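To start, the structure under review is shown below, and the notes come after it.
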Amino acid sequence: MNIPFLSFSGMHDPLKTELSKVFEKVYDSHWYIMGNNLKEFEKNYSIYSKTKYSIGVANGLDALIISLKTLNIVTGDEVIVPSNTYIASWLSVSYTGAIPVPVEPIEATFNINPDLIESAITNKTKAIMPVHLFGQSCEMDKIMTIAKKHNLFVVEDNAQSQGARCNNKLTGSFGNINATSFYPGKNLGALGDAGAITTNSDDLYSKANVIRNYGSEKKYYNEVKGINSRLDELQAAILDVKLLHLNEWNSERVELAAKYNQVLSEIPELTLPLLSPNCTHVYHLYVIRTKERDALQAYLAKHGIGTLIHYPIPPHLQKAYSEMNFKEGHFPIAEKMANTSLSLPLYPGLKHSELEFVAGTIRSFFKK
(Lines give C-alpha, C1' and ligand atoms only; values in the text may rest on other atoms or scores of the structure.)
Protein backbone atom coordinates (compact mmCIF):
# COMPACT_ATOMS: atom_id res chain seq x y z
CA MET A 1 0.00 0.00 0.00
CA ASN A 2 0.90 3.67 -0.36
CA ILE A 3 -0.60 5.57 2.56
CA PRO A 4 0.17 9.31 2.73
CA PHE A 5 0.42 11.07 6.05
CA LEU A 6 -2.48 13.31 5.01
CA SER A 7 -5.07 13.14 2.24
CA PHE A 8 -7.83 15.66 1.55
CA SER A 9 -9.79 13.36 -0.74
CA GLY A 10 -12.17 12.05 1.91
CA MET A 11 -13.23 15.57 2.82
CA HIS A 12 -12.97 17.44 -0.48
CA ASP A 13 -14.12 14.97 -3.12
CA PRO A 14 -17.76 14.82 -1.89
CA LEU A 15 -17.84 18.64 -1.68
CA LYS A 16 -16.24 19.41 -5.05
CA THR A 17 -19.47 20.39 -6.83
CA GLU A 18 -20.68 22.53 -3.93
CA LEU A 19 -17.33 24.24 -3.44
CA SER A 20 -17.07 24.93 -7.17
CA LYS A 21 -20.43 26.70 -7.01
CA VAL A 22 -19.19 28.72 -4.04
CA PHE A 23 -16.16 29.81 -6.04
CA GLU A 24 -18.35 30.94 -8.93
CA LYS A 25 -20.67 32.80 -6.57
CA VAL A 26 -17.79 34.71 -4.97
CA TYR A 27 -16.12 35.29 -8.33
CA ASP A 28 -19.29 36.74 -9.83
CA SER A 29 -20.01 38.93 -6.79
CA HIS A 30 -17.01 41.20 -7.53
CA TRP A 31 -16.64 41.67 -3.75
CA TYR A 32 -13.62 39.85 -2.36
CA ILE A 33 -12.70 41.44 0.99
CA MET A 34 -14.84 42.19 4.08
CA GLY A 35 -18.18 41.27 2.52
CA ASN A 36 -21.26 39.19 3.30
CA ASN A 37 -19.51 35.82 3.06
CA LEU A 38 -17.18 36.83 5.87
CA LYS A 39 -20.05 38.12 7.99
CA GLU A 40 -21.98 34.88 7.47
CA PHE A 41 -19.05 32.67 8.37
CA GLU A 42 -18.21 34.76 11.44
CA LYS A 43 -21.80 34.40 12.60
CA ASN A 44 -21.85 30.65 12.02
CA TYR A 45 -18.45 30.04 13.59
CA SER A 46 -19.60 31.94 16.68
CA ILE A 47 -22.67 29.70 16.86
CA TYR A 48 -20.49 26.63 16.50
CA SER A 49 -17.98 27.84 19.11
CA LYS A 50 -20.67 28.93 21.59
CA THR A 51 -19.14 32.41 21.74
CA LYS A 52 -20.69 35.81 21.24
CA TYR A 53 -18.26 36.84 18.50
CA SER A 54 -15.81 35.48 15.98
CA ILE A 55 -13.51 37.53 13.78
CA GLY A 56 -12.00 36.16 10.58
CA VAL A 57 -8.32 36.95 10.04
CA ALA A 58 -5.59 35.95 7.60
CA ASN A 59 -4.01 33.10 9.57
CA GLY A 60 -3.60 31.55 13.01
CA LEU A 61 -0.46 33.46 13.95
CA ASP A 62 -2.17 36.78 13.25
CA ALA A 63 -5.13 35.58 15.33
CA LEU A 64 -2.81 35.06 18.30
CA ILE A 65 -0.96 38.35 17.82
CA ILE A 66 -4.15 40.38 17.51
CA SER A 67 -5.64 38.63 20.54
CA LEU A 68 -2.63 39.58 22.66
CA LYS A 69 -2.68 43.15 21.35
CA THR A 70 -6.31 43.59 22.37
CA LEU A 71 -5.22 42.79 25.93
CA ASN A 72 -2.51 45.48 25.76
CA ILE A 73 0.30 42.94 26.13
CA VAL A 74 3.46 45.00 25.54
CA THR A 75 7.24 44.99 25.86
CA GLY A 76 8.38 43.72 29.24
CA ASP A 77 5.24 41.72 29.96
CA GLU A 78 5.38 37.94 30.33
CA VAL A 79 3.02 35.34 28.88
CA ILE A 80 3.05 31.73 30.07
CA VAL A 81 3.25 29.26 27.17
CA PRO A 82 3.82 25.51 26.85
CA SER A 83 7.40 24.36 26.39
CA ASN A 84 6.36 21.84 23.72
CA THR A 85 4.11 23.77 21.35
CA TYR A 86 4.54 24.78 17.71
CA ILE A 87 6.69 27.88 17.58
CA ALA A 88 3.78 30.10 16.45
CA SER A 89 2.53 30.24 20.05
CA TRP A 90 5.86 31.71 21.19
CA LEU A 91 6.20 33.98 18.15
CA SER A 92 2.88 35.67 18.84
CA VAL A 93 4.14 36.67 22.28
CA SER A 94 7.45 37.89 20.88
CA TYR A 95 5.75 40.04 18.25
CA THR A 96 4.04 42.04 20.99
CA GLY A 97 7.42 42.64 22.63
CA ALA A 98 6.49 40.42 25.56
CA ILE A 99 8.49 37.42 26.82
CA PRO A 100 7.28 33.82 26.46
CA VAL A 101 7.69 31.93 29.73
CA PRO A 102 7.72 28.16 29.09
CA VAL A 103 5.96 25.65 31.33
CA GLU A 104 6.37 21.90 30.88
CA PRO A 105 3.48 19.64 29.80
CA ILE A 106 1.90 16.62 31.41
CA GLU A 107 3.91 13.90 29.71
CA ALA A 108 0.95 11.57 29.19
CA THR A 109 -1.28 14.15 27.46
CA PHE A 110 1.21 16.59 25.82
CA ASN A 111 -0.75 19.56 27.24
CA ILE A 112 0.54 22.24 29.62
CA ASN A 113 0.64 21.08 33.24
CA PRO A 114 -1.66 23.30 35.35
CA ASP A 115 0.20 22.27 38.52
CA LEU A 116 3.37 23.98 37.23
CA ILE A 117 1.81 27.26 36.10
CA GLU A 118 1.69 29.10 39.41
CA SER A 119 5.43 28.68 40.03
CA ALA A 120 6.08 30.45 36.70
CA ILE A 121 3.97 33.51 37.57
CA THR A 122 5.82 36.75 38.39
CA ASN A 123 4.76 40.37 38.82
CA LYS A 124 5.33 40.76 35.06
CA THR A 125 2.96 37.95 34.05
CA LYS A 126 -0.07 39.22 32.15
CA ALA A 127 -1.54 36.15 30.49
CA ILE A 128 -1.58 32.37 30.14
CA MET A 129 -1.69 30.79 26.68
CA PRO A 130 -2.87 27.18 26.87
CA VAL A 131 -2.41 25.29 23.61
CA HIS A 132 -4.84 22.42 22.99
CA LEU A 133 -2.15 20.32 21.39
CA PHE A 134 -2.88 17.71 18.72
CA GLY A 135 -6.65 18.07 19.27
CA GLN A 136 -7.03 17.43 23.00
CA SER A 137 -8.46 20.04 25.34
CA CYS A 138 -6.21 21.33 28.09
CA GLU A 139 -7.49 21.11 31.67
CA MET A 140 -9.17 24.47 31.26
CA ASP A 141 -11.12 24.57 34.53
CA LYS A 142 -7.86 24.39 36.50
CA ILE A 143 -6.20 26.98 34.26
CA MET A 144 -9.12 29.40 34.51
CA THR A 145 -9.08 29.07 38.33
CA ILE A 146 -5.37 29.96 38.40
CA ALA A 147 -5.92 32.90 36.05
CA LYS A 148 -8.75 34.26 38.18
CA LYS A 149 -6.72 33.87 41.37
CA HIS A 150 -3.81 35.88 39.93
CA ASN A 151 -5.88 38.30 37.83
CA LEU A 152 -4.40 37.08 34.54
CA PHE A 153 -5.82 36.98 31.03
CA VAL A 154 -6.25 33.69 29.18
CA VAL A 155 -5.70 33.38 25.42
CA GLU A 156 -6.43 29.90 24.10
CA ASP A 157 -4.47 28.64 21.11
CA ASN A 158 -7.23 26.54 19.59
CA ALA A 159 -5.57 25.93 16.22
CA GLN A 160 -5.64 22.13 16.47
CA SER A 161 -8.79 21.42 18.43
CA GLN A 162 -11.96 22.94 17.00
CA GLY A 163 -14.74 20.86 18.57
CA ALA A 164 -12.86 19.53 21.60
CA ARG A 165 -14.33 20.03 25.06
CA CYS A 166 -13.41 20.33 28.72
CA ASN A 167 -16.25 19.47 31.10
CA ASN A 168 -18.56 19.70 28.09
CA LYS A 169 -17.49 23.27 27.25
CA LEU A 170 -15.88 23.90 23.88
CA THR A 171 -12.26 24.91 23.52
CA GLY A 172 -12.00 28.43 22.21
CA SER A 173 -14.78 29.60 24.53
CA PHE A 174 -12.96 29.67 27.89
CA GLY A 175 -10.43 32.47 27.51
CA ASN A 176 -10.86 36.23 27.42
CA ILE A 177 -10.02 36.07 23.73
CA ASN A 178 -8.91 33.07 21.73
CA ALA A 179 -7.26 32.22 18.42
CA THR A 180 -7.58 29.44 15.89
CA SER A 181 -6.08 28.49 12.54
CA PHE A 182 -7.79 27.21 9.42
CA TYR A 183 -4.57 26.13 7.73
CA PRO A 184 -5.57 23.47 5.17
CA GLY A 185 -4.46 20.51 7.28
CA LYS A 186 -6.46 21.53 10.35
CA ASN A 187 -9.70 19.75 11.31
CA LEU A 188 -11.50 22.73 9.79
CA GLY A 189 -9.21 23.81 6.98
CA ALA A 190 -9.45 26.47 4.30
CA LEU A 191 -7.97 26.14 0.80
CA GLY A 192 -5.16 28.46 1.84
CA ASP A 193 -4.14 30.34 4.96
CA ALA A 194 -6.93 31.53 7.25
CA GLY A 195 -7.69 32.03 10.93
CA ALA A 196 -10.17 33.41 13.43
CA ILE A 197 -10.56 34.96 16.87
CA THR A 198 -13.35 34.13 19.32
CA THR A 199 -14.48 36.12 22.35
CA ASN A 200 -17.49 36.94 24.50
CA SER A 201 -16.24 40.46 25.24
CA ASP A 202 -17.80 43.42 23.43
CA ASP A 203 -14.70 45.52 24.10
CA LEU A 204 -12.18 42.94 22.89
CA TYR A 205 -14.29 42.21 19.82
CA SER A 206 -14.29 45.90 18.88
CA LYS A 207 -10.54 46.20 19.42
CA ALA A 208 -9.73 43.08 17.38
CA ASN A 209 -11.99 44.23 14.54
CA VAL A 210 -10.09 47.51 14.35
CA ILE A 211 -6.61 46.01 14.68
CA ARG A 212 -7.12 43.46 11.87
CA ASN A 213 -8.15 46.25 9.45
CA TYR A 214 -5.21 48.66 9.56
CA GLY A 215 -6.45 50.04 12.89
CA SER A 216 -9.52 51.42 11.16
CA GLU A 217 -13.21 51.09 11.96
CA LYS A 218 -14.24 53.69 9.38
CA LYS A 219 -12.42 53.62 6.07
CA TYR A 220 -9.43 56.00 5.92
CA TYR A 221 -9.80 56.88 9.62
CA ASN A 222 -7.23 55.03 11.75
CA GLU A 223 -7.69 54.96 15.51
CA VAL A 224 -4.67 52.74 16.27
CA LYS A 225 -1.65 51.25 14.49
CA GLY A 226 -3.26 48.10 13.15
CA ILE A 227 -2.29 45.42 10.66
CA ASN A 228 -3.77 44.02 7.45
CA SER A 229 -5.14 40.62 8.44
CA ARG A 230 -8.57 39.94 6.96
CA LEU A 231 -10.13 36.60 6.08
CA ASP A 232 -11.01 36.95 2.39
CA GLU A 233 -14.47 36.27 0.97
CA LEU A 234 -13.53 33.11 -0.90
CA GLN A 235 -11.94 31.37 2.08
CA ALA A 236 -14.82 32.48 4.32
CA ALA A 237 -17.38 31.01 1.91
CA ILE A 238 -15.43 27.74 1.62
CA LEU A 239 -15.07 27.46 5.39
CA ASP A 240 -18.79 28.09 5.84
CA VAL A 241 -19.55 25.02 3.71
CA LYS A 242 -16.95 22.87 5.46
CA LEU A 243 -18.10 23.97 8.93
CA LEU A 244 -21.33 22.02 8.39
CA HIS A 245 -19.26 18.82 8.18
CA LEU A 246 -16.80 19.46 11.02
CA ASN A 247 -18.57 17.40 13.68
CA GLU A 248 -18.93 14.49 11.26
CA TRP A 249 -15.23 14.65 10.37
CA ASN A 250 -14.24 14.92 14.03
CA SER A 251 -16.34 11.87 14.85
CA GLU A 252 -14.54 9.93 12.13
CA ARG A 253 -11.19 11.01 13.55
CA VAL A 254 -12.24 9.83 17.03
CA GLU A 255 -13.36 6.48 15.59
CA LEU A 256 -10.06 6.01 13.76
CA ALA A 257 -8.09 6.93 16.89
CA ALA A 258 -10.05 4.37 18.91
CA LYS A 259 -9.17 1.76 16.29
CA TYR A 260 -5.48 2.71 16.51
CA ASN A 261 -5.67 2.42 20.30
CA GLN A 262 -7.17 -1.03 19.97
CA VAL A 263 -4.71 -2.47 17.48
CA LEU A 264 -1.56 -0.86 18.96
CA SER A 265 -2.28 -1.29 22.67
CA GLU A 266 -0.39 -4.57 23.02
CA ILE A 267 2.93 -3.18 21.78
CA PRO A 268 4.88 -2.47 24.99
CA GLU A 269 7.45 -0.26 23.22
CA LEU A 270 4.75 2.31 22.31
CA THR A 271 3.14 5.04 24.39
CA LEU A 272 -0.30 5.87 23.00
CA PRO A 273 -2.31 9.10 23.43
CA LEU A 274 -4.00 9.44 26.83
CA LEU A 275 -7.00 11.60 27.68
CA SER A 276 -7.09 13.98 30.63
CA PRO A 277 -10.09 13.58 32.96
CA ASN A 278 -13.20 15.38 31.68
CA CYS A 279 -11.44 16.35 28.43
CA THR A 280 -12.13 15.24 24.87
CA HIS A 281 -9.85 14.84 21.87
CA VAL A 282 -10.66 15.51 18.21
CA TYR A 283 -7.39 13.99 16.97
CA HIS A 284 -6.01 16.62 14.67
CA LEU A 285 -3.01 14.34 15.05
CA TYR A 286 -2.59 10.82 16.37
CA VAL A 287 0.81 10.88 18.07
CA ILE A 288 2.60 7.86 19.47
CA ARG A 289 5.89 7.86 21.34
CA THR A 290 8.76 5.41 21.22
CA LYS A 291 12.51 5.42 21.85
CA GLU A 292 12.85 3.79 18.43
CA ARG A 293 11.12 6.71 16.69
CA ASP A 294 13.63 7.43 13.94
CA ALA A 295 14.11 3.78 12.99
CA LEU A 296 10.34 3.20 13.05
CA GLN A 297 9.72 6.22 10.83
CA ALA A 298 12.28 4.99 8.31
CA TYR A 299 10.77 1.48 8.37
CA LEU A 300 7.25 2.83 7.77
CA ALA A 301 8.50 5.01 4.90
CA LYS A 302 10.14 1.96 3.34
CA HIS A 303 6.71 0.30 3.36
CA GLY A 304 4.92 3.28 1.78
CA ILE A 305 3.52 4.84 4.97
CA GLY A 306 3.87 8.58 5.49
CA THR A 307 4.49 9.99 8.97
CA LEU A 308 5.58 13.33 10.43
CA ILE A 309 7.29 14.50 13.61
CA HIS A 310 5.41 17.11 15.64
CA TYR A 311 7.78 18.73 16.51
CA PRO A 312 11.46 17.76 16.07
CA ILE A 313 12.92 20.79 17.86
CA PRO A 314 11.13 22.44 20.81
CA PRO A 315 10.94 26.26 20.72
CA HIS A 316 13.51 26.81 23.47
CA LEU A 317 16.19 25.08 21.37
CA GLN A 318 15.35 26.86 18.12
CA LYS A 319 17.94 29.30 16.78
CA ALA A 320 15.20 31.95 16.68
CA TYR A 321 15.19 31.96 20.50
CA SER A 322 18.93 31.68 21.08
CA GLU A 323 18.91 35.05 22.88
CA MET A 324 17.01 33.42 25.76
CA ASN A 325 20.06 31.20 26.40
CA PHE A 326 18.12 28.00 26.93
CA LYS A 327 20.20 24.83 26.68
CA GLU A 328 19.45 21.15 26.35
CA GLY A 329 18.06 19.94 29.65
CA HIS A 330 16.19 23.14 30.53
CA PHE A 331 12.85 21.57 29.59
CA PRO A 332 13.45 17.83 29.61
CA ILE A 333 9.84 16.74 29.02
CA ALA A 334 9.53 18.89 25.91
CA GLU A 335 12.88 17.55 24.69
CA LYS A 336 11.84 13.96 25.39
CA MET A 337 8.67 14.47 23.36
CA ALA A 338 10.63 16.00 20.49
CA ASN A 339 12.90 12.95 20.43
CA THR A 340 10.24 10.24 20.72
CA SER A 341 7.00 11.48 19.10
CA LEU A 342 5.71 10.25 15.76
CA SER A 343 2.42 11.23 14.09
CA LEU A 344 0.64 8.46 12.19
CA PRO A 345 -1.77 8.88 9.26
CA LEU A 346 -5.23 9.88 10.50
CA TYR A 347 -7.78 11.81 8.46
CA PRO A 348 -11.38 11.53 7.26
CA GLY A 349 -11.42 8.98 4.47
CA LEU A 350 -8.62 6.80 5.89
CA LYS A 351 -9.85 3.23 5.41
CA HIS A 352 -9.78 0.69 8.23
CA SER A 353 -7.81 -1.62 5.96
CA GLU A 354 -5.18 1.10 5.57
CA LEU A 355 -5.08 1.69 9.30
CA GLU A 356 -4.68 -2.05 9.86
CA PHE A 357 -1.77 -2.05 7.40
CA VAL A 358 -0.11 0.78 9.33
CA ALA A 359 -0.60 -1.08 12.61
CA GLY A 360 0.59 -4.38 11.14
CA THR A 361 3.73 -2.73 9.81
CA ILE A 362 4.43 -1.23 13.24
CA ARG A 363 3.95 -4.63 14.86
CA SER A 364 6.31 -6.14 12.29
CA PHE A 365 8.95 -3.53 13.10
CA PHE A 366 8.94 -4.28 16.80
CA LYS A 367 8.95 -8.05 16.26
CA LYS A 368 12.21 -7.59 14.37
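Hydrogens, waters and symmetry mates play no part in the numbers below; they use all other heavy atoms, side chains included. As the structure is a computational prediction, the values presented were derived from the model and not from experiment.
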* In terms of side-chain geometry, is the basic nitrogen of K259 or E356 positioned less than 4.0 Å from the acidic oxygen of its partner? -> yes
* Are the side chains of V131 and N111 in touch, meaning some heavy atoms are under 4.5 Å apart? -> no
* Backbone N or O of S251 within a donor-acceptor pair of the W249 side chain at under 3.5 Å? -> no
* Does K52 count as lying over the ring of Y205, i.e. NZ or CZ under 6.0 Å from the six-ring centre, within 45 degrees of the axis? -> no
* Q318 (side chain) donor-acceptor with I313 (main chain) under 3.5 angstrom -> yes
* Would a distance-only check, ignoring hydrogens and angles, find a side-chain to backbone donor-acceptor pair under 3.5 Å from S343 to Y286? -> no
* Does a donor on one side chain and an acceptor on the other come within less than 3.5 Å for H303 and T361? -> no
* Can you check whether G172's main-chain N or O pairs, donor with acceptor, with T198's side chain at less than 3.5 Å? -> yes
* Asked: With no hydrogens and no angle check, do the side chains of S83 and E104 hold a donor and an acceptor under 3.5 Å apart?
  -> yes
* Asked: Can you find a pair of side-chain heavy atoms, one from I288 and one from T271, that are under 4.5 Å apart?
  -> no
* Scan side-chain atoms only and decide if N37 and D240 contain a donor-acceptor pair under the 3.5 Å cut-off. => no
* Does the pair K43/E40 count as a salt bridge with the N-to-O cut at 4.0 Å? -> yes
* Asked: Should the pair E139-R165 be classified as a salt bridge under the 4.0 Å nitrogen-to-oxygen rule?
  -> no
* Asked: Does a side chain donor of either E233 or S29 reach within less than 3.5 Å of an acceptor in the other side chain?
  -> no
* Pair T180, Q162: side-chain N/O donor-acceptor within cut-off below 3.5 Å -> yes
* If we ignore angles and hydrogens, is there a donor and acceptor under 3.5 Å between the side chains of Q160 and H132? -> no
* Side chains of D203 and S206: is there a donor and an acceptor less than 3.5 Å apart? -> no
* For residues H316 and F331, establish whether the separation of their ring centroids is below 6.0 Å. => yes
* May I ask you to check whether Y48 and S54 show a side-chain donor-acceptor distance below 3.5 Å? => no
* So, the side chain of S92 versus the backbone of L61: is there a donor-acceptor pair under 3.5 Å, distance only? -> no
* To do: Look at the rings of F134 and Y311 and say which category their plane angle falls in: under 30° parallel, 30 to 60° tilted, over 60° perpendicular.
  => tilted
Compile the donor-acceptor pairs under 3.5 Å between side chains in residues 11-21 and protein atoms, sequence neighbours left out, one pair per line.
residue	atom	partner	partner atom	Å
H12	NE2	K242	NZ	2.9
S20	OG	K16	O	2.8

* Given the side-chain rings of Y283 and Y347, with only the six-membered ring counted for Trp, is the space between their centroids under 6.0 Å? -> no
* Looking at F182 versus F41, is the centre-to-centre ring distance below 6.0 Å? -> yes
* Asked: Between N200, D202, N209, which is the residue that forms a side-chain hydrogen bond (donor to acceptor under 3.5 Å, both in side chains) with Y53?
  -> D202
* Backbone N or O of S341 within a donor-acceptor pair of the R293 side chain at under 3.5 Å? -> yes
* Structure fact -> residues 332-349 vs salt bridge (charged side-chain N to carboxylate O under 4.0 Å, His left out), sequence neighbours excluded, gives E107-K336
